[in-house]
Peer 1: 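Okay, handing you the structure first.
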There are 2 protein chains.
Amino acid sequence: MATSTTRTKRGKGRDNQAPGRPTQKDIALAAGVSQAAVSLVLNKAETPSVPPATRTRILEVAQELGYRPNHPARMLRSARTMTFACVIPDITNPFYPGLVRGLQTVAAPAGYDVLIFDTDGTREREARAIDWLLQGRADGVVATFFHLRVPQLAVLARKGIPLVRLESQHKPDGPLAIDSVYIDNSEAAAEMTRLLIARGHRRIAMIQAEFGPSNRRAQGYGAVMREAGLSPDFITDSAYSEESGARAMTRLLERKGDRPTAVFGASDVLALGAMEAARNAGLSIPDDIAIAGFDDIPVAKLLGLTTVRQPEFDLGALAAETLVRRLQPGGLRAPGKSHELKFEIVKRSSV
Amino acid sequence: MATSTTRTKRGKGRDNQAPGRPTQKDIALAAGVSQAAVSLVLNKAETPSVPPATRTRILEVAQELGYRPNHPARMLRSARTMTFACVIPDITNPFYPGLVRGLQTVAAPAGYDVLIFDTDGTREREARAIDWLLQGRADGVVATFFHLRVPQLAVLARKGIPLVRLESQHKPDGPLAIDSVYIDNSEAAAEMTRLLIARGHRRIAMIQAEFGPSNRRAQGYGAVMREAGLSPDFITDSAYSEESGARAMTRLLERKGDRPTAVFGASDVLALGAMEAARNAGLSIPDDIAIAGFDDIPVAKLLGLTTVRQPEFDLGALAAETLVRRLQPGGLRAPGKSHELKFEIVKRSSV
DNA sequence: TTCGCTTAGTTATACGTATTACTAAAGGAA
DNA sequence: TTCCTTTAGTAATACGTATAACTAAGCGAA
């Protein structure tokens, strides 16, 4: 029996890799060169040390074998995943798909893929997102956090993962690689509230969600109401969902005397739920009750919902551009910036 | 000067890894054990060769240093990405977010993430998706292909990447790891067409898209029309978008004599575009013109669109379950199966 | 002839992890 | 004492790629 020093071949050498995916080593073998030569030819446009003939041969063999670079191996070696994570409450909220498209549109040409992580707007899942990001699954993140604040997010920046937050207000610059893109939610809500008042409404309620951008929107609404000598009328339900909107509207309609004549939903989804509840109660919109929303999701147009337009595609695109810049050499050292985009009041038939 | 054999340390040893992300080696060093011991403790619930005391120490140190496993390294070593790819035409089509949620809901507990790849329904981007998948970015794929067929997709299965197709009809079993989930689109469209005929319509047009499930739907519609002695009336536009739907409807309305009294959109998005165009033309729905759709996207309910319900969440969930099963040991060898889910005609006010 | 330069590569190493094969030390039995 | 078994690990290797450092061969110039 051969003794201890015999090299024991574990498995058949290719038990791990899926059947037949050729590697650089295979190409090297077939072309009679070293793996290093293959790597050079495959990655550099010009290779002074490899003459055209060899170059061509390598490329041909690669072609023949159907070589595809092994992504995980590249990731490990280069410490780059070429992936952006998009951390959002819920992809089924129609606001987000547009954002994702904006992201992809900029990310793809730069070589980045987009991973979606839904948090459901809960603190627990937001924390899990952080943990997950710390495993090095993405080079950068675009995120909406309802619960976590800079102290909890700073760890990403410290570990070299730039973050772009989707925000509802200007954020002061900070030393870390945490940027934000936002529209002025407070001012936007204020303007919508002014519109409602201008249309003669005095009893205007706002349907809020517990967390998220709803707060800032409520601020703008509250300020304008008080300015006008009216009292803000908040009704809060849990989530940004139609069910929540409908539930809140139902509660409003159950009131005796001071039923509102206008309802401002803190998001379109909430407003749509409210619309449905109002219709089910036999009310006509806007005659019996006016309804306004926030976001301008694609359906809003179809339903004639008066709302605040957020340029979700542009927000996504801008976020991606910011990340791409951050990931260029030295980009992580720049201070965190806050970029404002403009909203627009879209007047339709619901007000 | 020391000579050639001096080991030159490239960089500072940690120039690649982001600042301060600790590795198993760091833990090993701090705990006074080997990297192998750390790996064992971190991954196995029971470690016969590591006594409780050492185990605890290692876990404590890991905790202290804030260790997170390096995902790329794991991927490389284990040849598993723990990622599913979801290849779809367009995430902004409201049909897909629900599907994605279904996917995620099953995938997440099994440890899989979900990557989104939009093809825009073009052949070129579908081909690129294949290429991208061959780089080993995902362990499994759920996909809707408009152009590629089994011959082009087989390469995935051959390289060990199981695929679940979202289909519009039953597919025969095959030897490869290519499964499908579907609802009987032809029968569903047939049933909707019967409903329209039962409501007294004789001139019923169908708005189609050039590629995708529209074909099968058209077949069901066509068959029923001919059976009833009516002539099918197809109008085709390019994509599954509101613009396409509106354009097609406008063309229909420009006709002189034989304007349809009912229009069947091959998808809800097409139907919604048609609705809008009809309304803009001053027609009332369903009195002047009835409109039906296909998919039952969330908006359909709000707009009272009569449509065919596809259980998109369940489709996604089932697809994910199929992939999870495929990725269990030996799962790749089972023949490809086709799973049917049931549709439902949802009658609302547009017909 | 000897040196130096160019050409055409190769060798060696590292990224972080998982796993197999090995081993030193201690304790118990014969 | 010697041998065996258990305990508590360690060493070595591989995954596929990228890259810095090295080198052998050939040629021209001094």
Side-chain angles (χ1 to χ4, degrees), chain A residues 3-18 21-29 31-44 46-55 57-58 62 67-82 135-136, chain B residues 3-18 21-29 31-44 46-55 57-58 62 67-82 135-136:
Chain A
T3 55
S4 50
T5 49
T6 312
R7 248 287 258 94
T8 40
K9 288 205 186 180
R10 184 159 58 74
K12 291 144 211 125
R14 183 59 69 60
D15 54 340
N16 231 354
Q17 171 92 342
R21 281 195 236 172
T23 69
Q24 292 185 354
K25 200 151 84 175
D26 298 325
I27 300 177
L29 206 68
V33 295
S34 70
Q35 175 265 326
V38 175
S39 177
L40 284 176
V41 167
L42 256 31
N43 290 303
K44 315 280 181 189
E46 302 203 344
T47 41
S49 87
V50 181
T54 312
R55 183 168 236 285
R57 182 158 38 97
I58 290 175
Y67 172 78
R68 297 286 180 290
N70 179 302
H71 185 63
R74 281 203 159 163
M75 282 166 64
L76 176 58
R77 170 64 224 222
S78 59
R80 285 286 179 112
T81 64
M82 299 314 282
Q135 302 185 358
Chain B
T3 55
S4 49
T5 49
T6 313
R7 251 284 262 94
T8 41
K9 288 203 184 175
R10 184 161 58 76
K12 292 144 209 129
R14 183 57 69 63
D15 53 340
N16 231 354
Q17 171 92 341
R21 280 197 237 171
T23 70
Q24 293 185 353
K25 200 151 87 177
D26 297 324
I27 300 177
L29 206 68
V33 295
S34 71
Q35 176 265 326
V38 175
S39 177
L40 284 176
V41 168
L42 256 32
N43 290 304
K44 313 281 181 190
E46 300 203 345
T47 41
S49 88
V50 181
T54 312
R55 183 167 236 284
R57 183 157 39 95
I58 290 176
Y67 172 78
R68 297 286 180 291
N70 179 303
H71 184 63
R74 279 202 163 167
M75 283 165 63
L76 176 57
R77 170 63 225 221
S78 59
R80 285 286 179 111
T81 64
M82 298 314 282
Q135 301 185 359

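Lettering follows sequence order; numbering is per chain, from 1. No hydrogens, no waters, no symmetry mates; every other heavy atom, side chains included, goes into these values.
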Peer 1: Side-chain contact test, heavy atoms from C-beta onward, threshold under 4.5 Å: evaluate it for B/R74 versus B/N43 and give yes or no.
Peer 2: yes
Peer 1: Can you see if the side chain of B/S39 gets near the phosphate of C/dA18 - specifically, an N or O under 4.0 Å from OP1 or OP2?
Peer 2: yes
Peer 1: A/L42 has an atom CG; how far is it from atom P of D/dG16, in whole Å?
Peer 2: 15 Å
Peer 1: The side chain of B/A73 lies closest to which of these nucleotides: D/dT17, C/dA18, C/dG16?
Peer 2: C/dG16
Peer 1: Atom CE of B/M75 and atom P of C/dC15: how far apart are they, to the nearest Å?
Peer 2: 19 Å
Peer 1: Would B/V38 and B/Y67 satisfy side chain to side chain contact (heavy atoms under 4.5 Å, CB included), going step by step from the backbone distance to the final call?
Peer 2: CA-CA 11 Å; B/V38 175; B/Y67 172 78; over 6 Å; no
Peer 1: Looking across every strand, which nucleic acid part, if any, lies under 4.0 Å from A/P48 by heavy atom: base, sugar-phosphate, or nothing?
Peer 2: nothing
Peer 1: Considering non-hydrogen atoms only, spot the tightest contact between B/V50 and B/T54 and give its length.
Peer 2: CG1-CB, 3.8 Å
Peer 1: Find the distance B/L29:CG to D/dG9:P and express it as a whole number of Å.
Peer 2: 16 Å
Peer 1: Identify the heavy atoms of B/G136 and B/T81 that sit nearest to each other, and give their distance.
Peer 2: O-CG2, 3.2 Å
Peer 1: OP1 or OP2 of C/dA18 less than 4.0 angstrom from a side-chain nitrogen or oxygen of B/N43, does that happen here?
Peer 2: yes
Peer 1: Taking CD1 from A/I27 and C1' from D/dA18, how many angstroms apart are they, rounded to a whole number?
Peer 2: 14 Å
Peer 1: Does B/R55 have any salt bridge (charged side-chain N to carboxylate O under 4.0 Å, His left out) partners at least two apart in sequence or in another chain, and if so, which?
Peer 2: none
Peer 1: When rounded to the nearest 0.5 angstrom, what is the spacing between CD in B/Q35 and CG in B/L40?
Peer 2: 9.0 Å
Peer 1: Under 4.0 Å from OP1 or OP2 of C/dT19: is there any side-chain N or O of B/K44 that close?
Peer 2: yes
Peer 1: Counting only side-chain N and O atoms of B/R74, is one of them less than 4.0 Å from OP1 or OP2 of C/dA18?
Peer 2: yes
Peer 1: Using side chain to side chain contact (heavy atoms under 4.5 Å, CB included), reason through A/V33 and A/R57 one step at a time and then give a plain yes or no.
Peer 2: CA-CA 10 Å; A/V33 295; A/R57 182 158 38 97; 4.2 Å; yes
Peer 1: Rounding to an integer number of Å, can you tell me how far B/H71 NE2 sits from C/dC15 C1'?
Peer 2: 15 Å
Peer 1: Polar atoms only, N or O, under 3.5 Å: list the protein pairs with nucleotides 9-11 of chain C and their distances.
Peer 2:
from	atom 1	to	atom 2	distance (Å)
C/dG9	OP2	A/T54	OG1	2.5
C/dG9	N7	A/S49	OG	2.8
C/dT10	OP1	A/S34	N	3.2
C/dT10	OP2	A/S34	N	2.7
C/dT10	OP2	A/S34	OG	2.4

Peer 1: Check every strand shown and say whether B/P69 touches a base, only sugar-phosphate, or nothing at a heavy-atom separation below 4.0 Å.
Peer 2: sugar-phosphate
Peer 1: Roughly, in whole Å, what's the span from NZ in A/K25 to C1' in D/dC15?
Peer 2: 9 Å
Peer 1: Roughly how many Å is it from CG in B/D26 to C1' in C/dT17, rounded to a whole number?
Peer 2: 13 Å
Peer 1: In whole angstrom, what separates B/R77's CZ from D/dC15's P?
Peer 2: 9 Å
